[in-house]
Structure formats: structure tokens, C-alpha cells
Amino acid sequence: VGCTQHNILNLIISTGTSTVTNASACGSYTWTLNGVTYTTSGIYTHTIQLASGCIQTDSLILTINSFTTSSTTISACNSYTWPVNGITYTLSGTYTFVTIDPTGCDHVDTLHLTIHHVTDSVLNVTTCGTYTWPANGVTYTASGTYTFTSLNANGCTQFNILHLTLT
């Protein structure tokens with residue numbers, strides 16, 4: 001009695017922690033913190049209790065960018081130079097070209113191409129007097145080689161050549 005008692009308190013205050021991660025991805029993103037794969041933009045949280053009993057909350061601010069595509073159908077005569085890649089094609093077919101868009105994702109251009117070819121028609125005619133060429137409706141009175149240019153059924157240039165011999 002009459003003695004002073006000293007109480008000593010060793011107090012450790014632990015606080016929870018939190019982190020914020022900003023991320024963007026093409027198509028999907030797997031958050032390494034929880035192993036979950038996300039396919040839509042949003043704000044996601046992951047909360048755990050630490051050994052100290054405090055709560056740790058981590059946040060993910062996620063932007064998911066989409067892959068983009070475009071498709072073009074072209075019909076051309078003899079050849080076609082695709083402005084997307086500068087390549088000249090001479091055969092019909094489906095062609096693709098992949099680039100990276102401003103968001104860092106793939107952009108796929110597809111070309112559906114039909115190539116029609118220039119056609120030639122050569123006609124050798126020997127007849128008396130005059131000849132009316134059905135290709136252009138012109139009546140010729142002298143022998144010679146005549147050319148008439150028209151468009152074929154595909155819209156391509158057709159060269160009609162008449163070798164005419166009048167007797």
C-alpha cells in the first residue's frame with residue numbers, strides 16, 4: 001500500500017492497406033492478384049484479411065478495348081490495288097491485313113475481291129462489196145483491220161477486232 005504502480009501499454013496499431021491498379025487490355029484481362037479474367041471494363045475490388053486482422057482492399061480500374069474489323073467487297077477489272085496495304089492483286093480471293101489500332105488492339109481488314117479480265121474478240125471476215133459489223137453497227141466499204149472498244153458483261157474493257165477482206 002502506498003506503492004506506485006506503473007502500467008505499461010505496448011500498443012501497436014495496424015491499419016489495413018489498399019492499392020489501386022489502372023489497366024487496359026484488348027479483349028480480356030487476368031488480374032494476377034486474384035486470378036480472375038475480366039472481359040468488360042469496370043472497377044473491381046479484392047478484399048482479404050491480413051494476419052494482423054486488418055483488411056486489405058485492392059482495386060482494379062480496368063478498360064477493355066475491343067478488337068476491330070472492317071470488310072470490303074470489290075469487283076475490278078484485271079487488277080486491284082488495295083489502299084489498306086498498297087498491294088496490287090490480280091487474282092480473285094479473300095485477303096486480310098492486320099494492323100494495330102490506336103488503343104493497341106488488333107484491327108483486321110478483310111478484302112473480298114473478284115477480278116474480271118479484259119476480253120478480246122477477233123473476227124476474220126471475207127465478203128463481197130460491204131460489210132456491217134454487228135459489234136458497232138458500222139458498214140465498211142474497204143478492206144482493213146478495224147477496232148471497236150466496248151465494255152463486256154462484267155464492266156471490263158473488251159477489244160473487238162475485225163480483219164475485213166472485201167472482194
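Side chains included, hydrogens not; waters and symmetry mates left out as well; all remaining heavy atoms used.
- Between W133 and F148, the ring planes are perpendicular. Angles over 60° get that label, and only those under 30° would be called parallel.
- We find the OG-CG distance between S143 and L166 to be 4.0 Å, quoted to the nearest 0.5 Å.
- Residue S79 comes nearest to T90 through the heavy atom pair CB-CG2, 4.0 Å, listed as atom of the first residue, atom of the second, then distance.
- Between the CD atom of Q56 and the NE2 atom of H46 there is a distance of 7.5 Å, given to the nearest 0.5 Å.
- Hydrophobic clustering of Ile, Leu, Val, Met, Phe, Trp and Tyr side chains at less than 4.5 Å, counting indirect connections, keeps L60 apart from V20.
- Nearest heavy-atom pair, C156 versus H117, reported as atom, atom and distance to 0.1 Å: CB-O, 4.0 Å.
- Taking CG of N154 as the start and OG of S75 as the end, the distance is 6.5 Å to the nearest 0.5 Å.
- Closest approach of S59 to T45, counting heavy atoms only: OG-CG2, 3.6 Å.
- When each of F97, Y80, Y95 is paired with Y89, the ring pair (Phe, Tyr, Trp, His ring centres under 6.0 Å) condition holds for Y95 and for no other.
- In the model, H112 has a side-chain atom that pairs as donor or acceptor with a side-chain atom of S71 under 3.5 Å.
- Using a 4.5 Å heavy-atom threshold, the side chains of N65 and S24 count as touching.
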Inset, instruction - Report the C-alpha distance between C26 and F67 in whole Å, list the side-chain angles of each, state the deciding distance to 0.1 Å, and finish with yes or no for side-chain contact (heavy atoms from CB on, under 4.5 Å). - result: CA-CA 7 Å; C26 299; F67 300 99; 4.0 Å; yes

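- Atom CD1 of I48 and atom CG of L33 lie 7.0 Å apart (nearest 0.5 Å).
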Inset, instruction - Tell me, with the steps shown, if Y29 and V36 meet side-chain contact (heavy atoms from CB on, under 4.5 Å). - result: CA-CA 8 Å; Y29 178 82; V36 175; over 6 Å; no

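- Using modelled atom types, one finds no donor on one side chain facing an acceptor on the other under 3.5 Å when comparing H107 with T99.
- A side-chain donor from one of T37 and T30 sits under 3.5 Å from a side-chain acceptor of the other.
- Rounded to the nearest 0.5 angstrom, D58 CG and T19 OG1 are separated by 3.0 Å.
- The two residues Y44 and S41 have their closest heavy-atom pair at OH-O, 3.8 Å.
- The distance from the OG1 atom of T145 to the CG atom of L164 is 8.5 Å, given to the nearest 0.5 Å.
- Judged purely by distance below 3.5 Å, without hydrogens or angles, the side chains of S150 and N160 pair a donor atom with an acceptor atom.
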Inset, instruction - Walk me through it: do L111 and I74 pass the test side-chain contact (heavy atoms from CB on, under 4.5 Å)? - result: CA-CA 7 Å; L111 172 64; I74 296 289; 3.8 Å; yes

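- N78 and I115 make their closest contact through O-CG2, 3.6 Å (heavy atoms, listed as atom of the first residue, atom of the second, distance).
- Closest approach of T40 and I64 over heavy atoms only: C-CG1, 3.6 Å.
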